[in-house]
Amino acid sequence: MTAGLSPGRIVVVGAGQAGVQTAEALRAGGFAGELLLLGDEPHAPYHRPPLSKAWLAGEVEAAQLVMRAPEALARKQIELRTGVQVEAIDRPAKEIVLAGGERLGYTGLVLATGARARRLPLDQADAPNVHVLRTRDEASALAAALAEGGPLVVIGGGFIGLEVAATARKKGVEVTVLEALPRLLARVLPPLLSAWFEALHRSHGVQLRTGVQVEALEAGADGRVKAVRLAGGERLPCGAVLLGVGAQANDELARASGLACERGIVVDACGRTADPAIVAAGDCTARRLPDGSLLRLESVQGASEGGKAAAAALLGQDKPFTATPWFWSDQHGRKLQMAGLATGATQSVLRGDTAAASFSVWHYAGDRLIAVDTVDEPRTHLLARKLLDAGVWPAPAQAADAGFETASLLAR
Ligand SMILES: Cc1cc2nc3c(=O)[nH]c(=O)nc-3n(C[C@H](O)[C@H](O)[C@H](O)COP(=O)(O)OP(=O)(O)OC[C@H]3O[C@@H](n4cnc5c(N)ncnc54)[C@H](O)[C@@H]3O)c2cc1C
C-alpha cells in the first residue's frame with residue numbers, strides 16, 4: 001500500500017505500545033485515511049513496565065500509567081475503541097470480525113496483539129490467589145494480594161518474577177522465588193550477573209531457591225492455594241503465588257487467517273507478513289533474521305521501533321528495525337540496562353567492580369562485541385548502543401581496563 005491509496009481505512013488490532021506507535025507513525029508518515037485503534041482491555045493505552053515496579057509498589061497514580069489519553073489520539077484523528085475484541089480476520093474479504101459479529105473492512109491491517117502471561121499446566125493454577133502479571137487489572141489483583149501480607153511464592157526467576165519479588169519486599173511481604181534452572185536470569189545474563197542479582201535479592205531478604213521443580217499447588221477447602229510443593233516433597237506455605245514463567249505471543253488471529261506463525265507472527269525487519277495488506281509489530285511478532293533464525297523481542301523498544309517500521313511498510317517505505325535491541329529492569333533500587341543480545345557470547349568482560357556503585361559487563365562472540373550490560377551506568381549504556389550500532393568496539397582487554405576511554409572510539 002502507498003500513501004496514494006488513502007483515504008482508505010487502516011485498522012490496528014491491539015492498543016498497547018506497538019499499536020499506539022504504529023498508529024501515530026502512520027499519521028506522521030502522511031496517512032490521511034480512517035485510522036482505527038482497537039483494544040480488548042477496558043483501559044486507554046497504558047505503560048506496562050511500571051506494573052511490576054512503581055505501580056505495584058503504590059508509588060504512582062493511575063494517571064501516570066497512561067501512555068496516550070483518548071483525546072490525544074483523537075487530536076491525531078486516531079479513533080480509539082477499548083473493550084473491543086477482534087475475533088477473526090477474513091483476508092479474502094479484507095475484513096476483520098469483532099466479538100458480536102460486526103465486520104469492519106480494511107485497506108491495511110496492523111496486528112499489534114502483544115503477548116499474555118504463560119500459565120503452568122498444574123492443577124490449581126487458576127485458583128484465585130495464583131496470579132500472573134501482564135495487564136493493569138492483573139497488577140491490581142496482585143497489589144491487593146500483597147496488601148493482604150503474603151507470604152508470596154514467585155514461580156520463575158526471570159525479570160518479572162524478580163521485579164515483583166523486589167517490590168513485595170519493599171512492601172514488607174515475605175517472598176520466596178523458585179527457579180528451575182541453576183541460576184537466576186540464566187537465559188539472558190552471564191553467571192557473574194546472575195550471582196550479583198542473587199546476592200542483591202538475598203541482601204533484601206528474598207528467599208531464593210534455584211534448581212527446584214514445582215510439583216504441585218496445594219489448595220485448601222476454600223479453593224485457595226495454601227502451599228507450593230516441590231519435587232522431593234518440601235512444602236512452602238503461601239498466601240499468594242505469582243507465576244512468572246514468561247509470555248506467549250498472541251498470534252492466534254494471524255495463525256487462523258493462514259499467516260505464518262512460529263512463537264509469534266513471522267515478519268521481516270519491516271514488520272511485513274506474507275500478506276501485503278497486513279503488518280505486525282511488538283511482542284506478538286517473531287522477526288526472521290537474514291540467517292533464517294527468528295528473533296523474539298519483548299521490550300518497549302521492540303514494540304515502538306517495530307511499530308514505526310510496520311507503519312512505514314504499510315505506507316510503501318522500507319524502514320527496517322535493525323537497531324541494537326535494548327532493555328532495562330529495576331530491582332531493589334538498582335537499574336540493569338542491556339544493550340544488544342548476549343546469547344552466543346564466548347567471553348564476558350567485567351569493567352569496574354561488582355561491589356561498586358556501578359559497573360558494566362561487555363560480551364564478545366570471538367573478538368566481536370555483541371552486548372553490554374550495565375548496572376547503574378546509564379551513560380555507558382547509551383555509549384554501548386552507539387558503539388554496537390556503529391560496529392566499533394574496544395578489544396576485550398580495553399573494555400576490562402577502566403582507564404581506557406571507550407567513548408574515544410566513536411570520535412574516530
Ligand atoms: C510487568 C511488566 C513489566 C515490564 N517491564 C519492562 C521493562 O522494564 N522494560 C521493557 O523494555 N519492557 C518491559 N516490559 C515489556 C513491555 O511492556 C512489552 O514488551 C510491551 O508492552 C509490548 O507492547 P505490545 O504493544 O507489543 O503488546 P501489549 O502491550 O501486550 O499490547 C497488546 C494489546 O493488544 C490487546 N489484544 C490482544 N489480542 C487482541 C484482540 N484480538 N483484539 C483486541 N485487542 C487485542 C491486548 O489485550 C493488549 O492490550 C514489561 C512487561 C510487563 C508485563
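Since this is a predicted model, take the numbers as computed values, not measurements. Order of appearance sets the numbers: ligands from 1, and atoms from 1 within every ligand.
For the pair Gln301 and ligand 1, the shortest N or O to N or O distance does not fall below 3.5 Å. On a distance-only criterion, Glu163 and ligand 1 share no N/O pair closer than 3.5 Å. Looking at ligand 1, you won't find any N or O of Trp326 less than 3.5 Å from one of its N or O atoms. The N/O atoms of Ala18, backbone and side chain alike, include one that comes under 3.5 Å of an N/O atom in ligand 1. Checking only distances, Ser299 does come within under 3.5 Å of ligand 1, N or O to N or O. Checking only distances, Asp283 does come within under 3.5 Å of ligand 1, N or O to N or O.
Looking at Ser52, Gly14, Ala112, it is Ala112 that brings a heavy atom closest to atom 32 (C) of ligand 1. For atom 21 (O) of ligand 1, the choice among Glu41, Glu252, Arg48 with the nearest heavy atom turns out to be Arg48. Remark: among candidates Leu37, Leu51, Val86, Val132, the nearest residue to atom 41 (N) of ligand 1 is Val86, based on non-hydrogen atoms. When the heavy-atom distances from atom 9 (N) of ligand 1 to Trp328, Tyr46, Trp55 are ranked, the shortest goes to Trp328.
The closest approach between a heavy atom of Val84 and any atom of ligand 1 is below 4.0 Å. Using a 4.0 Å cutoff on heavy atoms, Arg116 does not count as a contact of ligand 1.
Salt bridge status for Glu377 with Arg379: absent, with no side-chain N to carboxylate O gap under 4.0 Å. A salt bridge is absent between Lys335 and Asp376; no separation between the charged side-chain nitrogens and carboxylate oxygens falls under 4.0 Å. A salt bridge links Arg48 to Glu41: at least one charged side-chain nitrogen sits closer than 4.0 Å to a carboxylate oxygen. In summary, Glu218 and Lys226 do not engage in a salt bridge, as defined by a charged side-chain N under 4.0 Å from a carboxylate O. Between Arg209 and Glu179 there is no salt bridge, since no side-chain N of the basic residue sits under 4.0 Å from a carboxylate O of the acidic one.
Short contacts between ligand 1 and Ile160, defined as distances under 4.0 Å to a heavy atom of the residue, involve ligand atoms 1 (C), 2 (C), 52 (C), 53 (C). Within ligand 1, counting atoms from 1 as listed, the ones closer than 4.0 Å to a heavy atom of Gln85 are 41 (N), 42 (N). Proximity to Gly282 (heavy-atom distance under 4.0 Å) selects the following atoms of ligand 1: 26 (O). Contact atoms of ligand 1 toward Leu253: 41 (N) (distance under 4.0 Å to a heavy atom of the residue). Near Leu133, the atoms of ligand 1 lying under 4.0 angstrom from a non-hydrogen atom of the residue are 1 (C), 53 (C).
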Criterion side-chain hydrogen bond (donor to acceptor under 3.5 Å, both in side chains) on Glu138 and His131, from CA distance to verdict | CA-CA 7 Å; Glu138 288 162 356; His131 299 266; over 6 Å; no

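Counting only N and O atoms by type, the side chains of Gln207 and Thr176 include no donor and acceptor under 3.5 Å apart.
No donor-acceptor distance shorter than 3.5 angstrom exists from the side chain of Arg385 to the backbone of Trp326, with no hydrogens or angles considered.
Aromatic ring centres of Tyr364 and Trp393: separated by at least 6.0 Å.
Annotation: side-chain contact (heavy atoms from CB on, under 4.5 Å) contacts of Arg91 (sequence neighbours excluded): Ile89, Tyr106, Ser257, Leu259, Asp275, Ile278.
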